[in-house]
Undergrad: 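The structure's right below; bear with me while I get my questions together.
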There are 2 protein chains.
Amino acid sequence: MSTESAPRHPTLADVAAKAGVSASTASLAFSGSGPVSDATKERVLAAATELGYAGPDPRARSLRQGRSGIVGVVIEERVRAAFLDPVKIRMLDGIAEGIAPLRAGLLLLTDTGEADAPVSVESAPVDAVVLIGCSPRLADSVAALRRRGIPTVAIEGAPGDGIPEITIDNTAATRRGAEYLRELGHTKVGIVTLPLDAARTRGRVTAELEAQATSTTPIERLAGARAVFPDARAVAGRASSVEEGRAAAHVLLDVDSADRPTAIIAQSDLLAAGVIRAAEELGIAVPADLSVLGFDGITVDGLQHDLTTLDQPSVDKGRAAGDAVVRMLAGEEPESVAFTSTLHIGDTTARVRA
Amino acid sequence: MSTESAPRHPTLADVAAKAGVSASTASLAFSGSGPVSDATKERVLAAATELGYAGPDPRARSLRQGRSGIVGVVIEERVRAAFLDPVKIRMLDGIAEGIAPLRAGLLLLTDTGEADAPVSVESAPVDAVVLIGCSPRLADSVAALRRRGIPTVAIEGAPGDGIPEITIDNTAATRRGAEYLRELGHTKVGIVTLPLDAARTRGRVTAELEAQATSTTPIERLAGARAVFPDARAVAGRASSVEEGRAAAHVLLDVDSADRPTAIIAQSDLLAAGVIRAAEELGIAVPADLSVLGFDGITVDGLQHDLTTLDQPSVDKGRAAGDAVVRMLAGEEPESVAFTSTLHIGDTTARVRA
DNA sequence: CTGAAAGCGCTTACAG
DNA sequence: CTGAAAGCGCTTACAG
């Protein structure tokens, strides 16, 4: 394969010339958005094939049309970190479904405010943007998006006016779960939280740590649990993972059995799976001796239990965000959407032992 | 917030006019790629601020420059399916690192050959494309990419000439792992494979199923295992997951203890974790009564064991693919890269009992 | 250091 | 049903 003089790729003009028609007609033959005789269309397509023309250049098309056919999704710094969480992946899937009418692609954008960052929110050729679990530092990006007039939707994160938000009832849902535990007779309850602060501090949740919290979701869920069990001890994990849940549960469970909680409220299903794991290790039976409540409603790979959890509509959230994007691009001003999580009662919660 | 007559967004020309300079100069002030006096630059920037100009339109820029600053990544049909696999996520992370010099974004593309698909490989405004775990049906897309002259790199999948591939030594690595098991005295060995065919058939691997296989990776790894244990029974999982590994292991282990394998070769770490789980359930001690070998070298969330596994450089693979893309865009013709996996000896393998 | 001109490749009113 | 013209918003040689 010799590289030769790298012949310029053929353009629509080349094809039109070869087919003996105007560029306009050739364009119509490809887009099908105008009346072209079958004979002409065939001739154009034949010329294209002969020249090895692979269809209109998307760059030129997007300039002309004012649309790039790309929707940006802003995630955390690294792909790895963001997609460790099955809930985020499901949301992404939902977004893809929601923007389907746009026939657009999803561009991964990170929200590192660094100047040397790759294509940023400020300069990416996107028609719209969805912010996923966005951090406070996102403020700059939001400002840029607004200046650019790029429709923006946020999934949990409240970045300000004019931006529709897709949320769930973190506080109320957790409260509902906590009330269920109380109905089962539990009074000694522990809590395992998602990372509260930017540093992802692990360990006992102190007033000090709560004051430093930057993430709204864990704080809201914590409030819901505290509404029912004001004095519940809480331990924060460094991430939403089985391993972190396990570690946090050990802190709560590795005490005199008199002090030991009879129920643990975990802020995610992965954390809950870790709590169950810790209980197994300590010979504490679930749910007989320990009730465990999760949050998310995902299927935790390898977990044998049917977890009692707050089932949140992750895919729906993504779809709603995608749908809002579609509406905004159509000139509408979609409302924010608040979803409700439902308490799924599985086999990890039981009445407290007499 | 009244919408009013939606004032056209300001363009570089508007800014230039306001600043009293030419468009060329205004452009230079933004890009910094030419000599502009500080005074002029300041004037331009001030005008931009005043008009609410957020910088050059990326669409126009990409048409003019012939680069969109976007690299496409072709994954399986659904985001959810593709990113269930931690190895793929790590590769994606590696790709992001590899293309960093490009300062480009990653566009998620799916390889459904459907006509009504969203922005496809055929029409996406990408400068280059990385194929991840691509299926045979990808042939059409590859043809389109070639016609378009879009540099393409494949991570495992051999889509043909001119396309550099990033591979690992599936067969040799598995063989090495199998030999290690043999050295430990194992002769009765079972295999748990990744999905072999497009339908993801679960269960015993028959000659018939092997003949229908469309995925190269599991076939290569199977060959490596069979090179040492020709008669080993194999069971296929529907996916790379703990749950599938568990189910497959039950098929292999739920037999008379005389027929029971003393070691199981799993084609992924998630599958291996499932095997260990099944062993726990059956009261079979790992590694005392059953040795378990994985593949990947990821950290399986919640797994207490230090898994003996073939450690493959997932992130490196992605980075190499990204690097190849960068080179191709620079006019080079990068070679294919073959990585080597290393046997990591953990605590899940032991000498067979006398 | 600055400006006038051309053009990236396409699509879209507008005539005919 | 087809064509000539304009222009999407920018960047880049090229003069000065």
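Just so it is clear: chains get the letters A, B, ... in the order the sequence lines come, proteins before strands, and each one is counted from 1. Given the structure is predicted, the values throughout are model-derived calculations rather than measurements.
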Undergrad: Base, backbone or nothing for each nucleotide of nucleotides 6-16 of chain D, written B, S, -, heavy atoms under 4.0 angstrom, 5' to 3'?
TA: BBBBBBB----
Undergrad: Which residue pairs satisfy the ring pair (Phe, Tyr, Trp, His ring centres under 6.0 Å) criterion with at least one member in residues 19-72 of chain A, sequence neighbours excluded?
TA: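 Sorted result for residues 19-72 of chain A: F30(A)-Y53(A).
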Undergrad: Taking only residues two or more places apart in sequence, or in another chain, which ones meet E332(B) in a side-chain hydrogen bond (donor to acceptor under 3.5 Å, both in side chains)?
TA: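 Counting only residues at least two positions away or on another chain, E332(B) forms a side-chain hydrogen bond (donor to acceptor under 3.5 Å, both in side chains) with R327(B).
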Undergrad: Quick one: salt bridge (charged side-chain N to carboxylate O under 4.0 Å, His left out) partners of R319(A), sequence neighbours excluded?
TA: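 If we apply the salt bridge (charged side-chain N to carboxylate O under 4.0 Å, His left out) test to R319(A), skipping adjacent residues, the hits are E97(A), D316(A).
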Undergrad: Among all residues two or more places apart in sequence or in another chain, which pass the side-chain hydrogen bond (donor to acceptor under 3.5 Å, both in side chains) test with S215(A)?
TA: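 So S215(A) forms no side-chain hydrogen bond (donor to acceptor under 3.5 Å, both in side chains) with any residue.
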Undergrad: Restricting to salt bridge (charged side-chain N to carboxylate O under 4.0 Å, His left out), what partner residues turn up for K41(B), sequence neighbours left out?
TA: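 By the salt bridge (charged side-chain N to carboxylate O under 4.0 Å, His left out) rule, K41(B) matches no residue at all.
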Undergrad: Could you tell me which residues satisfy salt bridge (charged side-chain N to carboxylate O under 4.0 Å, His left out) with R90(B), sequence neighbours excluded, listed by chain and number?
TA: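 Listed in chain order: nothing, the list is empty.
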Undergrad: So that I can compare with my own list, what are the stems of DNA chain D, taken as at least three consecutive Watson-Crick or G-U pairs with distances under 3.5 Å?
TA: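 C:1-3 with D:14-16, C:5-12 with D:5-12, C:14-16 with D:1-3 - these are the stems of 3 or more pairs that involve DNA chain D.
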Undergrad: Among residues at least two apart in sequence or on other chains, which ones pass side-chain hydrogen bond (donor to acceptor under 3.5 Å, both in side chains) with T49(A)?
TA: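 Partners of T49(A) under the side-chain hydrogen bond (donor to acceptor under 3.5 Å, both in side chains) test: none.
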